[in-house]
Amino acid sequence: MRLNCPCCGPRGLEEFTYRGDATVRRPESPTAPAQDWVDYVYLRDNPAGPHRELWYHGAGCRSWLVVTRDTRTHAISDVVRAVDVARADKEGAGS
Amino acid sequence: MKLLRQGKSSASGDPSQSMRTTTGNGIDTSRTIHFTFDGRRYAAHPGDTLASALLANGVRLAGRSFKYHRPRGILSAGAEEPNALVELRTGARREPNSRATVTELFDGLEAASQNRWPSLAMDALGINGVFSPVFTAGFYYKTFMWPAAFWEKVYEPMIRRAAGLGRAADEADPDIYEKATTFCDVLVVGTGPAGLAAALTAGRTGARVLVCEQDSLPGGRLRAEHGEIGGMPGWQWAEQAMDELRQMPEVRIMTRTCVFGTYDGGTYGALERVADHVPTPAPDQPRQRLWRIVARHAIVATGGIERPIVFPNNDRPGIMLAGAVRTYINRFGVTPGQRAIVYTNNDDGLRTARDLHRAGATIAAIVDARTTETPLARDMAQLTGAKLFMGGAIADTYGRLGIHAAVIREHSGLTQRVPCDLVAMSGGWNPELSLTTHQRTKPVYDETLCAFVPGTMPAGMRSAGVANGTFATPDCLREGTTCGQDAAQACGFSATVADLPAAGTESYAIVPLWHALPLDRPARTGKAFIDFQNDVTAKDVRLAAIEGFRSVEHLKRYTTLGMATDQGKTANVNALAQMAEQTGSSIARTGTTMFRPPVQPVAIGALAGAARGRHFKPDRLTPTHDWATEQGAVFTANGLWHRAQWFPRPGETHWRDTVNREVRTVRTAVGFCDVTTLGKIDIQGPDAATFLERVYVNAWRRLPIGRARYGLMLREDGFAYDDGTTARLGENHYVMTTTTAHAGSVMQHLELCHQWLWPELDVRFISVTDEWAQLAIAGPKSRDVLRHIVDPAFDISNEAFGYMAAATVTICGGQEARLFRLSFSGELAYELAVPARFGDALARLLMKVGAPYGIAPYGTEALGVMRIEKGHPAGPELNGQTTAHDLGMGRMLSTRKDFIGRAMAARPALTDPARPALIGLVPVNAGDELVAGGHLLPAGAQATAAHDQGWVSSAAWSPTLNGWIALGFLSNGPARLGETVMVHNPLGNSVTAARVVSPVFVDPNGERLHA
């Protein structure tokens, strides 16, 4: 399997570390309802199809990446830097 | 090697090779080499396979079958061989289960048959055939069930002796294996007409083309047939095409290279057999090389595999695939029999009669399952003088160690016995489409071809030629050309297609033939084998259907069909066609089992490559490693690191003597220890303090420049993750230390926190673990020693540089260094960091200037004893299951800020005082040993899990207290100081009374720290 790192180009799987679901977001406040924290820390969907997930390019540029992978075929349809996604999300939430 | 391409049509001149009746396009008859099989010496020619050489010498019996120990010969001429599995070489290089059909012969090769005792011709376990009703489908499950006690003592040893193929070498493999990665625009797998046409077309565009051929010679079936391409024999055209490809600078050709798997994202696995064809690899040459090929486009031109016909006793030596017979004649000059029967359901099989006839064999009969006589059948019968049986079948065969007669059943039902020593059978061809299915795309059934052909293809893959269900040579050339053109164009190379060379079209015209005789007839005669390697018969498939194992995946697992080294390459389609018939379904609906990599067996050694023995993982050496080696240090593995465990001195007879001396040295004088392995992360930026606040549980904003602080990190689920000290060196500059174990993962964690959670924070960090050598200098005399090293401009008095101070200093007259007043041992102590290249010099300097103070190096064991004496948690305490509360650090958790783990750490269950929390333990009876891992139960309680109240996490002999001490976790522990608990150690079968005490055994008030 190969991932097309936005910084480094296409690289082999062994350079990356998988983390998991990129659709869950950390609650803004430690005093958010307990259920929000349980959802964030423990609950994950297991979709058959495109899935946005976090990968770490530890043996490359050390970027965290948001990878859209089809769980049925391993086809990678999108790879973007997590920091760009996070910034866009925060700006969207702030406006 | 000069190949003899023209010449005599008779034998090569070596009298021993009696079946070498003609010249072959793949052998060099000008030279003779020798090999042994089961100890007997035979002659052969360069270019031979072990199989062709055995056949040349009239050896038909090659092995015994897996289950029934039936005599078996050579079925095929390729990688699909199920029968002729042999042991190659001897000693450490002995390799079992090697297919004789793909084993390239070299002078001196030693080969031996397998699965026979005492000898191949006289096999005692052949009696399994007599008891064969026991060994039908599912026999393991049905037979070896009761009584249960028999399993280990009787059944398993018996099965292991009787079954199993070959013997692995008893010694370590002396050869080396390599791994490599390569990239290309177009990968072409196979060098038959389709593959070569594709490679030529793509190569001529300038695209980077990689051509892989599993054989030693190019051409594929062109070497096995008479057909011409471009006015020359097909195999000559193939060599000419290879010559042209070799001239192209962007084309790379890899022979003896089997592409065995298709993986995600255009990645392919391939095995290059670099030195399998020579006695031993040249010095430093690998035996095999495992390739990872990254290809933008791939063209699968892997040809096809012929199917046997399922008839009673169809497994005797001398019954071969028709295509294989032609290979042995045309490529190797070997005629596998003198009196042959050709049995076929298609035109391709029919033409075998012609090749046998030209090679001088007598054709006893042509049995064609098709009922209507065709001109080709009539021509073949006329040419060869054979009797033609249209609509006929072979109903049985005779010959214990090799066929000597067959019973032919005419279309009318009449039978006659026909003497023969060879049956060339063809049930039609299956496209070899494995590579197209590894990405879980399914093949589809083609009624006209009576075979599965590739269905939806994975992205970037095309198939051409027989692999794609295209049989006629001109069509193969055309399809290969188109695929090569399309693939090159998809990579951005424009292709102009040259004229295709002329080639003859030969008909195929197959009818379905899944069994020679109607299945509903009782099998009076003999076993009709479908899977030769696993001894699965037509009856087994029928039984599986009756017993309800009807899905092809169930059929496979119940009967073992399609398992083992050949993965049912010759068996699968015949089996599922019979299952379809049994269940009244179509073949298309019955479907086929999933193919998985590898297409052919790959040795574990090749998959491991260089990563074996001490190269299984990399070694990380500390900057003082060489010095410590000189000192006679004993090393221990700490993750990838090698750390000095202790430094023995003459007269010390037990490691504990050494450790006790090292501890006493630190407690009374001064010692030093390399702590470089702790993770070091340099953190800078205006938001660095905010960032630290969010990753640590405690407060950081008010940490002054020039001070360090202990910090605890949690995971987001609220459990303790890692700890260490972080020092503030400048306004926006911090240096964090992590535990050795988590150095990498903390770095990754910080990156996630910054990039994903808080990208707005203006902070940057980098790991500097390997950039700085860091030595701990500990003991009451440590300051005195440092005064000799740190430049006088820096005041390191207790007043100026107190406990937890941190500063950039210079040492030895101007060398930059970092000094931290940190203590893991509990003594007055420092950590001095210098650029890694000076670590060795610093250790030597410390030994020199520290000598008057009695300095000694200490290792990780003394370090561990002292941290237990001081009650500092380490790996055994930070085990991923303990909370800040459990560690006695509950009050560190700030309530004035958000930090990783805060919300979840507040869950009631994580702060319950009844949770086991950190305590110290000393034995009630002085001298009793405390053992880590022991469980804590109340005195007098029964030793059951219900009474379990905690555990011992770390234990050590304390030379300072002159007794055993331990750290542990005890329910309500801090409230139970003074209580006696029992330490249960079921592994050591001991119960020890221990008193609960404070976890800080030495200097509880910290006076030494601040001295």
Side-chain angles (χ1 to χ4, degrees), chain A residues 1-4 9-14 16-20 22 24-42 54-59 61-67 69-70 72-77 79-91 94, chain B residues 179 181 183 262-268 292-296 438-441 456 458-460 681 694 697 714-719 744-745 747-761 764-767 893-909:
Chain A
M1 184 166 151
R2 295 173 65 75
L3 289 175
N4 191 3
R11 298 294 185 98
L13 184 63
E14 69 283 359
F16 299 88
T17 312
Y18 177 77
R19 181 179 171 89
V24 290
R25 297 314 295 259
R26 190 174 189 269
E28 285 295 319
S29 161
T31 55
Q35 189 58 49
D36 291 4
W37 281 99
V38 170
D39 287 353
Y40 169 63
V41 173
Y42 293 115
L54 284 164
W55 291 73
Y56 178 57
H57 198 186
C61 58
R62 305 207 323 262
S63 289
W64 280 92
L65 306 171
V66 175
V67 174
R69 177 181 65 102
D70 192 314
R72 296 163 304 183
T73 62
H74 291 188
I76 310 288
S77 54
V79 185
V80 289
R81 294 199 310 160
V83 66
D84 295 336
V85 176
R87 281 200 185 116
D89 286 359
K90 292 218 170 190
E91 279 162 22
Chain B
K179 289 187 187 182
T181 301
F183 300 82
T262 306
Y263 299 92
D264 294 313
T267 307
Y268 300 84
R292 177 171 46 182
I293 299 167
V294 180
R296 296 170 72 187
H438 290 166
Q439 296 293 294
R440 302 188 76 81
T441 48
T456 316
I681 300 173
R694 293 191 188 174
V697 302
L714 304 185
R715 299 188 309 232
E716 196 70 279
D717 65 3
F719 287 86
S745 85
M747 185 68 195
Q748 184 176 332
H749 172 68
L750 297 186
E751 298 277 17
L752 182 78
C753 289
H754 181 222
Q755 295 176 33
W756 183 237
L757 299 181
W758 305 301
E760 68 279 11
L761 294 184
R764 290 289 181 275
F765 34 87
I766 190 165
S767 169
L893 270 60
S894 169
T895 54
R896 287 193 296 229
K897 56 159 186 161
D898 185 13
F899 59 85
I900 297 285
R902 176 179 159 178
M904 297 304 260
R907 287 181 288 175

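Naming: A, B, ... by sequence-line order, numbering from 1 per chain. Keep in mind that the numbers below use all heavy atoms, side chains included, and drop hydrogens, waters and symmetry copies.
Among the residues in residues 32-42 of chain A, those with a non-hydrogen atom closer than 4.5 angstrom to a non-hydrogen atom of chain B are W37(A), V38(A), Y40(A), V41(A), Y42(A).
F183(B) touches chain A through its side chain: at least one heavy atom from C-beta onward sits under 4.5 Å away, while N, CA, C and O do not. The contact between T73(A) and chain B is made entirely by backbone atoms, counting heavy-atom distances below 4.5 Å. In this structure, no portion of L750(B) lies under 4.5 Å from any heavy atom of chain A. Interface remark: I76(A) contributes no atoms to any contact with chain B (heavy atom separation under 4.5 Å).
For Y263(B), the side chain to side chain contact (heavy atoms under 4.5 Å, CB included) partners are F260(B), T267(B), P597(B), not counting sequence neighbours. Remark: R11(A) pairs with C8(A), E15(A), F16(A), H57(A) by the side chain to side chain contact (heavy atoms under 4.5 Å, CB included) rule, at least two apart or across chains. Residues that satisfy the salt bridge (Lys or Arg N to Asp or Glu O under 4.0 Å) test with R907(B), not counting sequence neighbours, are absent from this structure.
Closest approach of P30(A) to A903(B), counting heavy atoms only: O-CB, 3.6 Å. Taking all atoms of both residues into account, the shortest heavy-atom contact from A22(A) to W756(B) is O-CZ2, 3.4 Å.
Between chain A and the residues R902(B), E760(B), E716(B), the most heavy-atom pairs under 4.5 angstrom are made by E716(B). The residue among S29(A), S63(A), A75(A) with the most heavy atom pairs within less than 4.5 Å of chain B is S63(A). Contact count versus chain B (heavy atoms, under 4.5 Å) is highest, among M1(A), R25(A), R26(A), R19(A), for R26(A).
The neighbour count for E28(A) CD, taken as heavy atoms of other residues, nucleotides or ligands under 6.0 Å away, does not exceed 12.
Counting heavy atoms from C-beta outward, R81(A) and Q755(B) have side chains that stay 4.5 Å or more apart.
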For side-chain contact (heavy atoms from CB on, under 4.5 Å), just list the numbers for R72(A) and R440(B), CA-CA rounded to whole Å, side-chain angles, deciding distance to a tenth of an Å, and then say yes or no. CA-CA 9 Å; R72(A) 296 163 304 183; R440(B) 302 188 76 81; over 6 Å; no
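Separation of atoms CZ (R292(B)) and CZ (R2(A)) is listed at 7.0 Å; rounding is to 0.5 Å. If you take CD on Q748(B) and OH on Y56(A), they are separated by 5.5 Å, rounding to the nearest 0.5 Å.
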